[in-house]
Amino acid sequence: MDGIEKITGRIAADTEAEIAAIRAEARRQADEITARYEAQARREAEEIAARGRRSAEERQARLASVAQLDARKLELAAKQEMLAKAYDRAMERLTSLPDGEYVGLLAGLAAEASSTGREEVILSQKDRARYGKQVVTQANEKLRDGHLTLSVQTRPIRGGLILSDGDVEVNCTFETLVRLLRGEMDRTVVEVLFG
């Protein structure tokens with residue numbers, strides 16, 4: 001029996017050696033697969049992290065751009081407000097000129113705007129009562145052969161005048177003149193205000 005035991009012992013030893021070899025090969029393959037998947041997982045994690053960084057950088061750039069745009073809008077709004085205040089201040093100064101200068105300004109406007117010398121001069125209610133006759137007299141003197149007349153009507157204007165010749169009116173109100181000059185003067189006023 002000794003021979004059978006030796007054979008079974010050898011078979012058992014060969015089997016154990018074979019099992020050990022299979023286990024070792026399986027362990028090696030498992031380690032190889034694990035290493036391959038770990039490397040793939042690292043690469044994918046790095047790619048995901050890189051995409052996340054790029055996305056975060058792009059979002060940060062967009063937010064910075066939006067913030068700059070908002071800042072420019074606020075700055076522009078502030079400049080426009082200051083510009084409007086400058087024109088409002090100019091209007092206030094025009095309407096608060098000393099009497100002699102104010103009458104001279106209105107008379108000059110009437111004389112320059114007159115095309116026939118026979119128009120009616122329409123003023124605000126306050127200006128008509130206070131300066132109307134003086135304005136018409138001085139304007140007619142400037143025209144030399146002027147026959148401007150003071151209209152009985154008044155208009156709700158802050159200053160300046162309107163010349164009326166039937167259906168034709170020439171608007172020389174301060175509001176209109178300042179608005180017309182504004183387009184031409186904006187750049188100059190901005191340079192003075194914000195140099």
Side-chain angles (χ1 to χ4, degrees), residues 56-195:
E57 288 168 359
E58 288 170 3
R59 180 157 171 73
Q60 182 180 8
R62 279 193 307 272
L63 290 174
S65 178
V66 167
Q68 286 176 344
L69 183 61
D70 286 346
R72 281 192 213 124
K73 284 180 186 177
L74 288 172
E75 182 181 356
L76 180 61
K79 284 182 177 181
Q80 287 174 339
E81 184 179 340
M82 292 301 295
L83 197 58
K85 285 182 180 180
Y87 285 111
D88 287 345
R89 180 70 180 123
M91 180 69 81
E92 287 172 20
R93 291 187 72 188
L94 278 172
T95 57
S96 62
L97 285 171
D99 289 354
E101 288 181 47
Y102 191 71
V103 169
L105 177 61
L106 293 181
L109 285 173
E112 278 187 50
S114 176
S115 59
T116 65
R118 300 191 183 290
E119 296 92 350
E120 286 188 329
V121 178
I122 303 171
L123 299 167
S124 69
Q125 188 172 2
K126 179 187 104 181
D127 286 352
R128 184 183 189 288
R130 193 166 178 188
Y131 310 114
K133 290 180 183 172
Q134 295 173 53
V135 169
V136 171
T137 301
Q138 283 188 25
N140 282 328
E141 288 172 3
K142 290 179 187 270
L143 289 171
R144 289 195 175 87
D145 190 27
H147 297 289
L148 297 177
T149 57
L150 182 60
S151 177
V152 293
Q153 20 173 340
T154 60
R155 297 280 172 88
I157 57 177
R158 287 177 65 183
L161 55 92
I162 297 170
L163 286 183
S164 176
D165 190 9
D167 292 340
V168 177
E169 289 188 348
V170 178
N171 188 338
C172 296
T173 62
F174 291 163
E175 295 95 321
T176 299
L177 295 174
V178 168
R179 182 176 42 83
L180 291 173
L181 283 173
R182 189 171 179 164
E184 298 171 19
M185 299 290 298
D186 273 355
R187 177 166 284 159
T188 305
V189 174
V190 165
E191 286 176 12
V192 169
L193 289 175
F194 307 109

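Distance check, rounded to the nearest 0.5 Å: OG1 of Thr95 to CD1 of Ile157 gives 11.5 Å. Going from atom CG of Asp165 over to atom OG1 of Thr116 covers 4.5 Å, rounded to the nearest 0.5 Å. Separating the OG atom in Ser65 from the CG atom in Asp70 is a distance of 9.5 Å, to the nearest 0.5 Å. With rounding to the nearest 0.5 Å, the separation of CG in Leu181 from OG1 in Thr176 is 11.0 Å. Going from atom CG of Leu180 over to atom OG1 of Thr173 covers 8.5 Å, rounded to the nearest 0.5 Å. Atom OG of Ser164 sits about 6.0 Å away from atom CD of Gln153, to the nearest 0.5 Å.
Applying the 6.0 Å contact sphere to CD of Glu169 captures more than 12 heavy atoms from other residues, nucleotides or ligands.
Side-chain atoms of Leu150 and Leu123, non-hydrogen and from C-beta on, do get closer than 4.5 Å to each other. Inter-residue side-chain proximity for Gln134 and Leu106 is flagged as unmet; no heavy-atom pair is nearer than 4.5 Å. Under the 4.5 Å side-chain criterion, counting only non-hydrogen atoms from C-beta, Asp127 is in contact with Tyr102. Residues Met82 and Lys79 are not in side-chain contact: their nearest non-hydrogen atoms beyond the backbone lie 4.5 Å or more apart. In this structure, Leu109 and Leu177 have side chains that are in contact, with non-hydrogen atoms separated by less than 4.5 Å. Contact annotation: the side chain of Met91 approaches that of Phe174 to within less than 4.5 Å [non-hydrogen atoms, C-beta and beyond].
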Identify every side-chain donor-acceptor pair in residues 142-149 under 3.5 Å, counting partners at least two apart or on other chains, and give the distances.
none

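Taking every heavy atom of both residues into account, Ala139 and Ala111 meet most closely at O-CB, 4.1 Å. Across all non-hydrogen atoms, the minimal contact from Glu120 to Ser151 is OE1-OG, 3.6 Å. Contact detail for Gly159 and Glu175: the closest heavy-atom pair is O-OE1, 3.6 Å.
For the side-chain contact (heavy atoms from CB on, under 4.5 Å) with Val121, the qualifying choice from Asn140, Val136, Ile162 is Val136, the only one to do so.
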Inset, instruction - Take Arg89 and Glu92, measure what salt bridge (Lys or Arg N to Asp or Glu O under 4.0 Å) needs, and give me the verdict at the end. - result: CA-CA 5 Å; Arg89 180 70 180 123; Glu92 287 172 20; 3.5 Å; yes
Inset, instruction - For the pair Arg128 and Val152, evaluate side chain to side chain contact (heavy atoms under 4.5 Å, CB included) and give the outcome as yes or no after the intermediate values. - result: CA-CA 9 Å; Arg128 184 183 189 288; Val152 293; 4.1 Å; yes
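Glu81 is linked by a salt bridge (charged side-chain N to carboxylate O under 4.0 Å, His left out) to Lys85, counting only residues two or more places apart in sequence or in another chain. Checked against salt bridge (charged side-chain N to carboxylate O under 4.0 Å, His left out), Arg130 has the following partners two or more places apart in sequence or in another chain: Asp99.
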